[in-house]
Each structure stands twice: as C-alpha cells, then as structure tokens.
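Structure record follows, encoded as structure tokens.
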Amino acid sequence: MERQGNDRVDCRVANQVRLRRMFPVLVSIFTLVCAGCSGSKAFHEYARAGDTVAVAAGWLQNTLPQNITVTITPSSGPSTVYPPGAASVRAVVNMYADPVSSMVVSRETGIDQTSYASTYAFTTGVNTGGDKDWWQTVVFIDLPASLPAGTATIRIANADGETATSTLEIISGTGQPNSLHAKGTGPLSKPMLDALLRVNHYTINFSGPVVPYSMQMELVHDADKLHGGVGSAFVVNPLGYIKNVAWTDDGFTARVLMTPARDGAITAMSDFKIYIAGDLENVAVTNLQAFDRDGIPVAGVTAALVYIE
C-alpha cells in the first residue's frame, strides 16, 4: 500500500513536468470553461514549493498586480503575503470566452450547440449579474520556496473587496518558477506580460425603466494629446455581436452611437456597456438620448462612469 501511494505521487510529479510546457494552453482551456466563476483549485492542483501556479479568480472587475494582495497559507507555519506589485505575482490576465464558443452561440440562438451549453451559459450569466461581457481573471503566482507539504490556500484580494480563494496540494521536491517560454521569443519578459494587462479605463454602465432600441451620447473630456493635453480616445465595444458602436472624437468630445447588431439583439441595459480608454482625463457623459425602435425618445435612461486604474 505504501508503494502505491508513492507511485501516485511520483506520477503526479512526472505529469507536472510534462504539462509545464503546455501551461499557457491548458490554463486557457481551464479558465474559459469556468468563465464567470472562480476555481476552487489552483492549476496545477499539485505543485512543489517554488513552482508557478495559476488561480482562476473569476469575473473580477479591478484586479491588477499593483492593486491585489496575495496570501498563501500553508498546511502549517506562518502565511506568506505578497503585497501589491510583488514580483512573485507574475501576471494577471483577463481571458475572454471565444465569441464562437458553444456557450455564446447557444445563448444567442437559443439552440444548444453542445449538450447543456445553454444551461452553462445561463449559470455563467447568473454569476455575472446578467452581463454578457464574460472573462475569467487568471493570476499567475510563483509559490514560496519554503512551503511545507500538505494543503495550501491561496487568497487574492483587492481594495474594492473582490476576493478569490483556491487550494492546492504541496508535494515534496524542489520547484522553480515557470519560464513561460514562447516559441520564437524565449521566456516571456515582464513587459510582454504587462502588455496583456487591462489598462486604465472608464466603464460606462446604463440604467433605465425600459431597455431602449438605440442610444447616442457625448463623452466630453480634457484636451487630448493632439490639442495640448494628454491621451487619445479609444472607445471599446465588448459585445460587437450584440450591438454596433460608431464613434468619433474631435480631441475634446467623443460622440457615440449604439444600435442593435440585429433585431432583438439588445435585451438588457448591460448590453449597452462600453469602455473608453486612452489615458483621457475628466471624462463625463453629456447629451445622452435613448430611443425605441420607432425613434421615439425613451425617458429615464442614465449613465454611470466607473474609473478603473
């Protein structure tokens, strides 16, 4: 019986070595399947002290290396705390669901493309409060080199109160940080990983008594870099298969028009959500107008800006 137990541990270690080269691909598959909810187990579920693991932290809104604290609690002994900006937090990446994935297509067509896909889409939507802009925040972490064997817990938290907790089993052996080696470029550098981070931006959410057919608005801001100020407007539509967004900016005001991508595509106020990035300063919504399908104004629609940095 003892030998069988050791064989299982040896097999786990061997599998970890083989899988390490497939780390980014496997994490992508794992996190996209779990979109909308955090993973109760880290990836890998078994690791050595010093190895790199990934935590699928769920649909987090404001999670960047500079604003999260990571606490690693071992099976015995004191916890290790990585403060905001710690080098051991290698990367934070928002991994989006494929827009042609079975969950998305099944949700939009009402026809299961694979077994129970509509059900999975429904439960994901519950986790995101009905917002169809789905991603999974994945945090890559180098474990401390001194962790004892046994169950360890990783907790991720930010100042906004968002948290995620995963566990993993620390096994014997000496680990090492993953090189995150990419073909043609070698190990991914910090600037490469930083290029995947979500940058400072404004999220614009809408509310109202009924869901309008279309909306238009202006986003006023300080002068951009071409007009004596800083930044350059960049409006982002996260749901291009649900709504069309046409926009232009003259250096002081962005004018935005939102219409459905197809008849009946927009079914919730959250479908109108957009982002504006580009380091603009003092962005504000003005002249917001909403209309029904006949062009009649819809009263009571409002917009709220949330700045994420």
Give me the other members of the hydrophobic cluster that Phe252 sits in, counting Ile, Leu, Val, Met, Phe, Trp and Tyr linked by side-chain heavy atoms under 4.5 Å, directly or via other members. none
Looking only at atom types and distance, does a side-chain atom of Ser166 sit under 3.5 Å from a main-chain N or O of Ala56, one as donor and one as acceptor? no
Apply ring-ring contact (aromatic ring centres under 6.0 Å, His included) to the pair Tyr202 and Tyr307, showing each step before the final yes or no. CA-CA 4 Å; Tyr202 292 86; Tyr307 183 61; 4.8 Å; yes
side-chain contact (heavy atoms from CB on, under 4.5 Å) with Ile242: which of Thr267, Asp271, Asp133? Asp271
Taking the six-membered ring where the residue is Trp, are the ring centres of Trp135 and Trp59 under 6.0 Å apart? yes
Is there a donor-acceptor pair under 3.5 Å between the side chain of Asp51 and the backbone N or O of Gln176? yes
Taking all atoms of both residues into account, what is the closest heavy-atom pair of Pro144 and Ile72, and its distance? CD-CD1, 3.5 Å
Using a 3.5 Å distance criterion without hydrogens, assess whether the side chain of Gln216 forms a donor-acceptor pair with backbone atoms of Arg255. no
Strictly by modelled atom types, are Tyr241 and Lys243 linked by a side-chain donor-acceptor pair under 3.5 Å? no
Looking only at heavy atoms, what is the nearest atom pair of Ser232 and Asp224, with distance? CA-CB, 4.4 Å
Ignoring hydrogens and angles, state whether a donor on the side chain of Asn67 or Asn158 is under 3.5 Å from an acceptor on the partner side chain. no
Any donor-acceptor pair under 3.5 Å from Ser106 side chain to Gln113 backbone: yes
Look at the side chain of His201 and the backbone N and O of Val199, then say whether any donor-acceptor pair between them is shorter than 3.5 Å. yes
Check Asn94 against Thr137 and note the closest heavy-atom contact, atom names and distance. OD1-OG1, 2.8 Å
